[in-house]
There are 2 protein chains.
Amino acid sequence: MATLKYSRQREAIKEFLATRKDHPTADVVYQNIREIYPHISLGTVYRNLTLLSDLGEILRLRLSDGVDHFDADTSLHYHFICKDCGSVIDLEMDSIDHINASAGRNFPGQIDGNVTYFYGTCKDCLLSKPMEIS
Amino acid sequence: MATLKYSRQREAIKEFLATRKDHPTADVVYQNIREIYPHISLGTVYRNLTLLSDLGEILRLRLSDGVDHFDADTSLHYHFICKDCGSVIDLEMDSIDHINASAGRNFPGQIDGNVTYFYGTCKDCLLSKPMEIS
DNA sequence: TATAATAACAGTAATCGTTACTGATTACGA
DNA sequence: TCGTAATCAGTAACGATTACTGTTATTATA
């Protein structure tokens, strides 16, 4: 029953993701893996990204830009999205899971967790922007 | 330049949203408005939902289900998504904007805000589920 | 009030990210 | 080595959303 078989394409996808800290999309993964396996199919990339995230080996990030991003770092951490350049950056910060209790205080259902990301302007975009006259 | 003109379709969409607390999708809005304006186009619904959210009169919620939800309540509040039935419910809780400071502590960019929602099982789904044997 | 300019419309086609299908290939236990 | 089933490449289909086109309705102005 659905024994997982080795696949070099899946390994390549996993290895590629591990080298990246910028949370690439499926298409970016596809474009990069094609340099190693020129005949790989986009469908294979999607299937394996879904499989790996179902297995918990990678994270699927659904941000507000309508495209899924993938992250090889499955430890608890948070993300920042630059609204100027769209880049996704890891944040080093303490857990904010205490907000779950706050959310559950007046709520009759069961709260299991939260999805949180931060947005603003990244360092590079701050520097490249013209000075604001204040 | 681009003076806003009145449209009865847009008014109907706004009024419909104001009567609902369940954050309907564009298609749900479409199906309901059709009872009043049977010839309204889905494109008109999308165009006006986008226009209204650009004007800040409604909120566009991008959750993880791949479909946009819309909310006539533009005041600061948070949402809960039931992972069993998918319903979107308002939470009554204090602001959690203090997490922005926590996120900015070791981050060189500028943090403007956060997107946060909670997930779990709603009251109705808890009740309708078979008892867990513990 | 009549007219002209143009925002908004209905209907439909196109786009885009993603998923499903199909027949060929590959991994791997017996 | 062989059989079976997972995986593949290639491609078609899908669903949400957006863009296009010719028509209609709103509104400023004459």
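Per chain, numbering begins at 1; letters A, B, ... match sequence-line order.
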Under 3.5 Å donor-acceptor pairs involving side-chain atoms of residues 37-44 of chain B, not counting sequence neighbours:
from    : atom 1 : to      : atom 2 : distance (Å)
B:Ser41 : OG     : B:Gly43 : N      : 3.1
B:Thr44 : OG1    : B:Arg47 : NH2    : 3.2

Determine whether the side chains of [X] and [Y] contain a donor N or O and an acceptor N or O closer than 3.5 Å.
| X | Y | answer |
| --- | --- | --- |
| B:Asn114 | B:Thr116 | yes |
| A:Arg60 | B:Ser64 | no |
| A:Ser75 | A:Asp73 | yes |
| B:His79 | B:Asp71 | yes |

Looking at C:dT26, I'd like to know if its phosphate oxygens (OP1 or OP2) sit under 4.0 Å from a side-chain N or O belonging to A:Gln9.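 False: A:Gln9 side-chain N/O out of range (4.0 Å or more) of C:dT26 OP1/OP2.
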
Please check the phosphate of D:dC8 (OP1 and OP2 only) for any side-chain N or O of A:Ser7 closer than 4.0 Å.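 For D:dC8, OP1 or OP2 has a side-chain N or O of A:Ser7 closer than 4.0 Å.
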
Once you round it to whole Å, what is the distance between P of C:dG29 and OH of A:Tyr6?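 For the pair A:Tyr6 OH and C:dG29 P, the rounded distance is 15 Å.
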
Round to a whole Å and report the spacing from CD1 of B:Ile13 to C1' of C:dA8.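 Answer to the nearest Å: 11 Å.
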
What are the residues of residues 44-63 of chain A, sorted by number, that bring a heavy atom to within less than 4.0 Å of DNA chain D?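 Per residue number, the list reads A:Thr44, A:Arg47, A:Asn48.
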
Where along residues 18-41 of chain B does a heavy atom fall under 4.0 Å from DNA chain C?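 Per residue number, the list reads B:His39, B:Ile40, B:Ser41.
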
Let me check something: do A:Ile36 and A:Leu49 share a hydrophobic cluster, defined by ILVMFWY side-chain heavy atoms less than 4.5 Å apart, either directly or through other members?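 Linked within one cluster.
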
Would you kindly confirm whether A:Tyr119 and A:Ile89 end up in one hydrophobic cluster when ILVMFWY residues are joined by side chain heavy atoms under 4.5 Å apart?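 No; tracing contacts between hydrophobic side chains, which count when under 4.5 Å, never links both residues.
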
Please tell me whether B:Tyr117 and B:Tyr78 form a close aromatic pair, meaning their ring centres lie under 6.0 Å apart.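 Between B:Tyr78 and B:Tyr117, which both carry aromatic rings, the centre distance is not below 6.0 Å.
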
Would the base of D:dA25 count as contacting B:Lys5 through its side chain, where contact means a donor and an acceptor less than 3.5 Å apart?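 No such pair is found, so the answer is no.
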
A:Lys21 and A:Asp90: salt bridge (Lys or Arg N to Asp or Glu O under 4.0 Å), yes or no, with the steps? CA-CA 8 Å; A:Lys21 287 191 171 295; A:Asp90 286 333; 5.3 Å; no

Would you indicate what A:Leu4 reaches in the nucleic acid, counting non-hydrogen atoms under 4.0 angstrom: base, sugar-phosphate, or nothing?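 Result for A:Leu4 = sugar-phosphate.
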
Kindly point out which of D:dT17, C:dT18, D:dC8 is positioned nearest to the side chain of B:Asp68?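 Closest nucleotide among those given: D:dT17.
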
Judged by each residue's nearest nucleotide on DNA chain D, which is more toward the 5′ side, B:Arg8 or B:Leu42?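 With B:Leu42 and B:Arg8 compared, the 5'-side residue is B:Leu42.
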
